[in-house]
Amino acid sequence: MTLSRRISHLTGDGSDGWDLFYRARRMVAAGVPVVELTIGEHDIRTDPEILSAMDRAARGGHTGYAMVPGTGGLRDTIAARITERTGVATTRDNILITPGGQSALFSAHHAVCDEGDVALYCDPYYATYPGTLRAVGAVPRAIVTRPETGFQPTAADLGQIPQGARSLLINTPNNPSGVVYSKQTLEAVAACCRDHDLWLISDEVYDTQVWDGAHLSPRTLPGMAERTLVIGSMSKSHAMTGSRVGWIAGPEAAIARLIELATHTTYGVPGYIQDAAEFALNAGPALEDRVAAPFKRRRDLALKLLAGQDVVHPVPPSGAMYLMLDIRATGLSGTAFADALLTDRNIAVMPGESFGTAAAGHVRVAMTVDDDLFATALKTLLEFAKERSI
Ligand code: PLP
């Protein structure tokens with residue numbers, strides 16, 4: 001029996017970009033002591049207080065079908081948080097709770113793209129993006145940013161919008177680059193969406209991890225609330241990756257349709273998980289700061305360690321849990337560098353090429369091991385790069 005073309009070509013007939021990660025995992029399974037700096041998974045677990053809230057909710061009986069759009073309490077909490085942080089009046093009718101940000105990305109594109117519509121996204125990108133766009137029947141098309149412009153799309157980059165484009169997906173703070181889009185960049189993005197009548201899908205799952213500057217949600221910009229779907233998640237902000245809880249914030253009419261989609265797909269998110277998320281969001285900024293602090297600390301550590309040499313150039317990381325390193329001085333591609341580093345030194349980092357074409361000649365380092373191990377691994381990476389560049 002044949003499967004649909006849509007599901008058979010989700011990864012575009014090529015690799016899904018995770019080959020190095022799988023190889024590292026095979027080495028670990030075979031007993032090799034690999035330092036894994038690959039995926040965006042915290043080195044701490046979900047806070048015990050959040051787990052207690054989850055336990056209380058489950059034992060209190062919140063284990064049946066939950067309301068499909070999300071519990072009133074969680075929707076209200078997220079709406080109030082967005083109103084307070086952005087100034088854009090937001091109510092529970094603007095919020096759909098989803099099983100994580102990934103599901104929110106899929107649903108948001110499902111809501112705005114018809115079969116064959118062009119869905120734009122910025123390169124470098126979070127590795128699932130093109131497959132997510134294909135999964136809804138859209139045609140993914142990258143807007144390639146450049147190292148010289150700090151991996152931020154410029155007005156010129158955004159000027160080349162193809163016929164049939166319906167949506168533009170951006171991600172700030174950015175995975176993989178750690179770049180936080182400037183106000184100027186976001187104004188150019190907003191102008192592009194207004195001029196070309198595009199929906200903006202704004203992936204803001206790292207919005208609590210900003211080290212330089214400030215996070216600006218483009219939904220706040222003139223004329224954007226009516227054409228923006230914001231993707232949020234508890235995964236990164238509260239170390240709740242496995243709990244699978246996120247949201248879409250957008251215009252009421254779009255959320256009403258998205259609730260119908262949820263009724264016919266996920267049928268909502270478990271009630272005890274939502275209660276735990278509500279508890280976590282109401283616990284205030286101290287908890288979020290505690291989750292974010294190690295990444296800022298390790299970023300500072302890395303910048304100090306990498307200062308005063310000319311082989312490995314960090315892309316100044318302003319947010320998120322990653323550090324992107326320009327290793328072009330070694331003469332190697334990101335893929336060759338990451339492969340050799342894993343083979344020779346048992347350190348696993350992701351090739352920039354896994355995240356599109358813009359970050360070729362770079363590697364992405366997830367800052368997700370304890371400080372000492374992180375510092376030792378970076379020093380080894382640097383030695384290795386110096387040897388290769390001779
Ligand atoms: N968006 C970005 C940019 C990500 O990096 C990730 C996960 O790494 C997600 C969305 C999806 O996160 P989740 O589904 O865990 O909320």
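Only heavy atoms go into these numbers, but all of them, side chains included; no hydrogens, no water, no symmetry mates. Whatever order the structure lists them in is the order used to number ligands and atoms, beginning at 1. Fair warning: this is a prediction, and the values are worked out from it, not measured in the lab. For reference, positions follow the sequence shown, starting with 1.
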With side chains defined as the heavy atoms from C-beta onward, is the minimum distance between Val180 and Leu216 less than 4.5 Å?
no

What do you reckon, does Asn175 have a nitrogen or oxygen under 3.5 Å from a nitrogen or oxygen of ligand 1?
yes

At a 4.0 Å threshold, what atoms of ligand 1 neighbour a non-hydrogen atom of Ser233?
13 (P), 16 (O)

Any idea which of Leu169, Val245, Asp203, Asn174 brings a heavy atom closest to atom 10 (C) of ligand 1?
Asp203

For Tyr129 and Tyr125, take the angle between the two ring planes, folded into 0 to 90°, and tell me which bin it lands in: parallel under 30, tilted 30 to 60, perpendicular over 60.
parallel

Under 6.0 Å between the ring centres of Tyr121 and His109?
no

Would you check whether Arg244 reaches within less than 4.0 Å of ligand 1, judged by its heavy atoms?
yes

When only distance counts, is Tyr206 in polar contact with ligand 1, meaning an N/O pair under 3.5 Å?
yes

Glu36: what forms a salt bridge (charged side-chain N to carboxylate O under 4.0 Å, His left out) with it, not counting sequence neighbours?
Arg25

Any donor and acceptor pair, going by atom type alone, linking the side chain of His362 with main-chain N or O of Gly334 inside 3.5 Å?
no

Suppose I only count heavy atoms of Asn171 and a 4.0 Å limit; which atoms of ligand 1 are within that range?
3 (C)

Polar side-chain atom of Glu288 near backbone of Thr208 as donor-acceptor pair, under 3.5 Å:
no

Report the C-alpha separation of Ser182 and Gln184 in whole Å, then their side-chain angles, then the decisive distance to 0.1 Å, and conclude whether the side chain to side chain donor-acceptor pair (under 3.5 Å) test is met.
CA-CA 5 Å; Ser182 66; Gln184 189 189 4; 4.7 Å; no

What residue and atom, counting heavy atoms only, is the protein's closest point to atom 15 (O) of ligand 1, and at what distance?
Ser235 OG, 2.7 Å

Would Leu105 count as a polar contact of ligand 1, with the cut-off being nitrogen or oxygen pairs under 3.5 Å?
no

Looking only at protein heavy atoms, identify the closest one to atom 9 (C) of ligand 1 and say how far it is in Å.
Tyr126 CE2, 3.5 Å

Taking the ring of Tyr206 and the ring of Tyr322, is the distance between their centroids below 6.0 Å?
yes

Among protein heavy atoms, which sits nearest to atom 11 (C) of ligand 1, and what does the distance come to when rounded to 0.1 Å?
Gln102 N, 3.8 Å

When distances are taken from atom 8 (O) of ligand 1, the protein heavy atom at minimum range is Lys236 NZ, 2.9 Å

